[in-house]
Amino acid sequence: MSKQVLIIAGPAFIATFLILFILRKAITVKFRPVIPLILYLILLFFIVFSQNLAEKSEIERGNYKTTAEIVRRIYPAALGNLSYLFASYASTDIYSNTNEIEKFNQAVILPPNKPDNDLIVFIMGESSLVSRYSAYGYHQQTTPFMSNIFSQNGGCIIPNSHSAAALTRDSIPMTLSFNVPESNDNLFDNKSIIEMAKFNHYKTYWLASAGQRIQGTFNTKFGFIARKSDVITFSEDLLDVSLSQLLEDTLQKDNSPKKFIFVHLRGSHQPYTNGYDEIDKLALPDVEEYDLTIHHTDRTIKALYDVINKYSNNYTVIYTSDHGEIVNVGHGIGDNVDQFLIPFMFISTNQRYNCQFIESFRGQDGYLSGLMNKYILSNLLGYEIDPTILNKEKNNDRVFMPNNSVMPFLEVLNKR
């Protein structure tokens with residue numbers, strides 16, 4: 001994130017705040033002590049509109065506090081603290097609204113069909129680079145369990161998949177809502193996948209690792225979606241393998257006939273040290289730390305899959321990742337394609353949903369985009385999608401870049 005970012009709020013709000021502040025102080029105290037504070041505000045106003053506007057979209061999304069934190073670091077003492085307090089006051093917390101959205105996206109054909117999947121489990125990994133999976137040809141045995149599970153009848157290990165963005169906050173909304181790289185409008189205007197599941201009689205669950213706990217008042221983009229779930233639960237353990245017990249508790253206690261469960265892993269997020277344990281080290285004693293986190297994810301998927309099989313014989317399971325990783329560097333950085341290259345694995349007991357079903361969402365450039373997740377899930381939940389809109393979207397393969405621009409995926413791929 002650029003250190004040039006100093007935008008806190010719109011000019012109208014700043015001007016109004018300044019005027020009200022002056023008037024109030026002029027009435028209640030002598031004017032002289034207020035002058036230094038007014039000078040700080042004027043200086044802040046000047047800085048805001050003379051700096052690079054690279055993070056303007058962050059402000060438009062309501063992320064005032066994030067931007068103000070940067071101001072606070074660059075300008076400590078009075079100006080930085082004042083800007084932080086001002087931004088905290090100004091923030092409208094646009095992602096905190098829990099009211100149900102009534103409108104469906106225009107791509108969704110209504111009414112929905114009676115769903116034929118009793119249990120849908122969508123497992124979202126984190127920072128998972130596909131080229132480190134032995135299931136995709138990596139020389140270390142990082143994913144023996146997934147290789148076995150998704151090679152069974154009804155299973156698919158899908159090649160050439162990529163995420164829609166390089167950051168979780170952008171990728172998950174483009175999976176679980178009709179949000180697109182160009183605009184956030186659909187996030188607020190259209191039902192999310194969670195709401196669509198509820199509309200078609202699924203009980204919805206959001207299960208996540210302690211490392212993916214949504215902080216504060218759920219004022220993040222994917223928190224906005226998560227809050228629409230019937231049940232939101234976080235594990236107490238940072239290690240993902242503990243999520244299998246959380247899933248078992250959920251399936252054991254709840255006899256709802258239809259369930260849609262989103263499982264959010266900590267996965268391979270930095271620091272890698274927190275993403276594996278001694279069992280992984282014993283299994284792969286001579287590999288990089290990052291590979292150990294992939295092995296731990298493999299064990300997690302096996303544990304989750306065993307629970308699913310124990311409690312259901314009519315299920316569909318998808319495992320993918322929110323984005324990839326530039327190993328030992330991170331993600332959300334520059335234009336390195338590794339932060340977009342992800343696994344996609346699928347298994348269903350329903351013959352209608354097979355590998356050909358997933359392949360039908362692949363674009364003409366040969367890649368399955370994370371932008372297709374919402375349409376895949378819509379179908380699994382019993383909704384038909386307008387084929388004209390679907391074809392237009394799948395053949396317009398683009399990604400949301402860390403600098404907030406939108407690029408054709410092949411341009412990013414060809415840069416390596």
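Considering only heavy atoms from C-beta on, Gln106 comes within 4.5 Å of Ile389 through its side chain. You'll find the side chain of Arg266 stays beyond 4.5 Å of the side chain of Glu126, heavy atoms only. A 4.5 Å side-chain heavy-atom check between Phe262 and Ile172 finds at least one atom pair inside the cut-off. Looking at Glu236 and Gln245, their side chains never come closer than 4.5 Å, going by heavy atoms from C-beta outward. Contact check for Met345 versus Tyr136: side-chain heavy atoms found under the 4.5 Å cut-off. Taking the side chain as every heavy atom from C-beta outward, Leu265 and Gln212 never approach each other to under 4.5 Å. Taking the side chain as every heavy atom from C-beta outward, Val231 and Thr250 never approach each other to under 4.5 Å.
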Criterion side chain to side chain donor-acceptor pair (under 3.5 Å) on Asn309 and Tyr305, from CA distance to verdict: CA-CA 6 Å; Asn309 260 318; Tyr305 181 72; 3.1 Å; yes
Full working for ring pair (Phe, Tyr, Trp, His ring centres under 6.0 Å) between Phe188 and Phe224: CA-CA 9 Å; Phe188 303 106; Phe224 176 77; 5.2 Å; yes
Audit row: Arg132, Glu288, salt bridge (Lys or Arg N to Asp or Glu O under 4.0 Å) steps and yes/no: CA-CA 10 Å; Arg132 293 300 183 98; Glu288 291 183 60; 3.3 Å; yes
Verdict with reasoning, Ile358 to Leu368, per side-chain contact (heavy atoms from CB on, under 4.5 Å): CA-CA 9 Å; Ile358 298 296; Leu368 177 67; 4.0 Å; yes
Audit row: Ile158, Phe361, side-chain contact (heavy atoms from CB on, under 4.5 Å) steps and yes/no: CA-CA 11 Å; Ile158 301 295; Phe361 294 91; over 6 Å; no
Steps toward side-chain contact (heavy atoms from CB on, under 4.5 Å) verdict (His296, Asp298): CA-CA 5 Å; His296 191 83; Asp298 186 59; over 6 Å; no
Steps toward ring pair (Phe, Tyr, Trp, His ring centres under 6.0 Å) verdict (Phe340, His331): CA-CA 9 Å; Phe340 295 98; His331 54 271; over 10 Å; no
Tyr205/Thr233 under side-chain contact (heavy atoms from CB on, under 4.5 Å): CA gap, chis, key distance, verdict: CA-CA 8 Å; Tyr205 306 78; Thr233 310; over 6 Å; no
Pair Asp170-His323, side chain to side chain donor-acceptor pair (under 3.5 Å): steps then yes or no: CA-CA 10 Å; Asp170 298 311; His323 50 75; over 6 Å; no
Asn328 and Tyr272: CA distance, side-chain angles, deciding distance, side chain to side chain donor-acceptor pair (under 3.5 Å) verdict: CA-CA 9 Å; Asn328 297 320; Tyr272 304 143; 4.8 Å; no
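Residues Thr293 and Ser268 bring a donor and an acceptor atom of their side chains to less than 3.5 Å of each other. Between the side chains of His295 and Thr143, no donor-acceptor pair is found at a separation under 3.5 Å. Under the 3.5 Å distance criterion, with hydrogens and angles disregarded, a donor-acceptor pair is assigned to the side chains of Ser192 and Glu195. Ser134 and Gln140 form no side-chain donor-acceptor contact under 3.5 Å, judged by distance and modelled atom types alone. Donor-acceptor pairing under 3.5 Å is recorded for the side chains of Ser128 and Tyr133. Residues Ser348 and Asn350 have side chains that never bring a donor and an acceptor to within less than 3.5 angstrom of each other. Side-chain atoms of Glu325 and Tyr290 include no donor-acceptor pair closer than 3.5 Å. In this structure, a donor-acceptor pair under 3.5 Å is absent between the side chains of Gln152 and Asn148. Asp291 and Tyr138 share a side-chain donor-acceptor pair at under 3.5 Å. Side-chain N/O atoms of Ser256 and Asp254 include a donor and acceptor closer than 3.5 Å.
No donor-acceptor pair under 3.5 Å is formed between the side chain of Asp249 and the backbone N or O of Leu246. Side chain of Ser163 to backbone of Gly370: no donor-acceptor contact under 3.5 angstrom is found. Asp322 places a side-chain N or O within donor-acceptor distance of the main-chain N or O of Ser127, the cut-off being under 3.5 Å. In this structure, the side chain of Ser235 engages the main chain of Ala210 through a donor-acceptor pair within 3.5 Å. Remark: the backbone N or O of Ile101 is paired with a side-chain donor or acceptor of Lys191 at under 3.5 angstrom. When atom types are taken as modelled, the side chain of Asn186 and the backbone of Asp189 share no donor-acceptor pair closer than 3.5 angstrom. The backbone N or O of Asn160 sits less than 3.5 Å from a side-chain atom of Arg362, completing a donor-acceptor pair. Within the 3.5 Å criterion, the main-chain N or O of Met174 finds a donor-acceptor partner in the side chain of Lys374. Using modelled atom types, one side-chain atom of Ser369 and one backbone atom of Leu371 make a donor-acceptor pair closer than 3.5 Å. The main-chain N or O of Phe344 is never found under 3.5 Å from a side-chain atom of Thr320 such that the two would form a donor-acceptor pair.
Residues Phe104 and Tyr383 come closest through the heavy atom pair CE2-CE2, 3.7 Å. Of all non-hydrogen atoms in Ile326 and Ile333, the two that sit nearest each other are CD1-O, 4.0 Å. Heavy-atom minimum distance, Ala165 versus Ser171: CB-N, 3.9 Å. Heavy atoms only, all atoms of each residue included: Ser229 and Thr204 are closest at CA-OG1, 3.4 Å. Scanning all heavy atoms of the two residues, the minimum distance from Ala197 to Leu381 falls at CB-CD2, 3.8 Å. Taking all atoms of both residues into account, the shortest heavy-atom contact from Asn99 to Lys228 is O-NZ, 3.3 Å.
Below 30°, between 30° and 60°, or above 60°: for Trp206 and His264 the angle between ring planes is above 60°, a perpendicular geometry.
Using a 4.0 Å cut-off between charged side-chain N and carboxylate O, Glu182 and Arg398 make a salt bridge.
The side-chain hydrogen bond (donor to acceptor under 3.5 Å, both in side chains) check on Asn190 picks up Asn105, with sequence neighbours excluded. Under the rule for a salt bridge (Lys or Arg N to Asp or Glu O under 4.0 Å), the partners of Lys310 that lie at least two apart in sequence or sit in another chain are Glu248.
For the side chain to side chain contact (heavy atoms under 4.5 Å, CB included) test with Arg299, the passing option among Leu239, Ile279, Asp240 is Ile279; the others fail. If you run side chain to side chain contact (heavy atoms under 4.5 Å, CB included) between Gln339 and each of Leu341, Asp335, Asn336, only Asn336 comes through.
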May I have the list of side-chain donor-acceptor pairs in residues 113-123 shorter than 3.5 Å, sequence neighbours left out?
| from | atom 1 | to | atom 2 | distance (Å) |
| --- | --- | --- | --- | --- |
| Asn113 | ND2 | Glu384 | OE2 | 3.2 |
| Asp116 | OD1 | Tyr353 | OH | 3.3 |
| Asp116 | OD2 | Arg352 | NH1 | 3.2 |
| Asn117 | OD1 | Thr316 | OG1 | 2.7 |
| Asn117 | ND2 | Leu380 | O | 3.2 |
| Asp118 | OD1 | Lys258 | NZ | 2.8 |
| Asp118 | OD1 | Asn314 | ND2 | 3.4 |
| Asp118 | OD2 | Asn314 | ND2 | 3.2 |

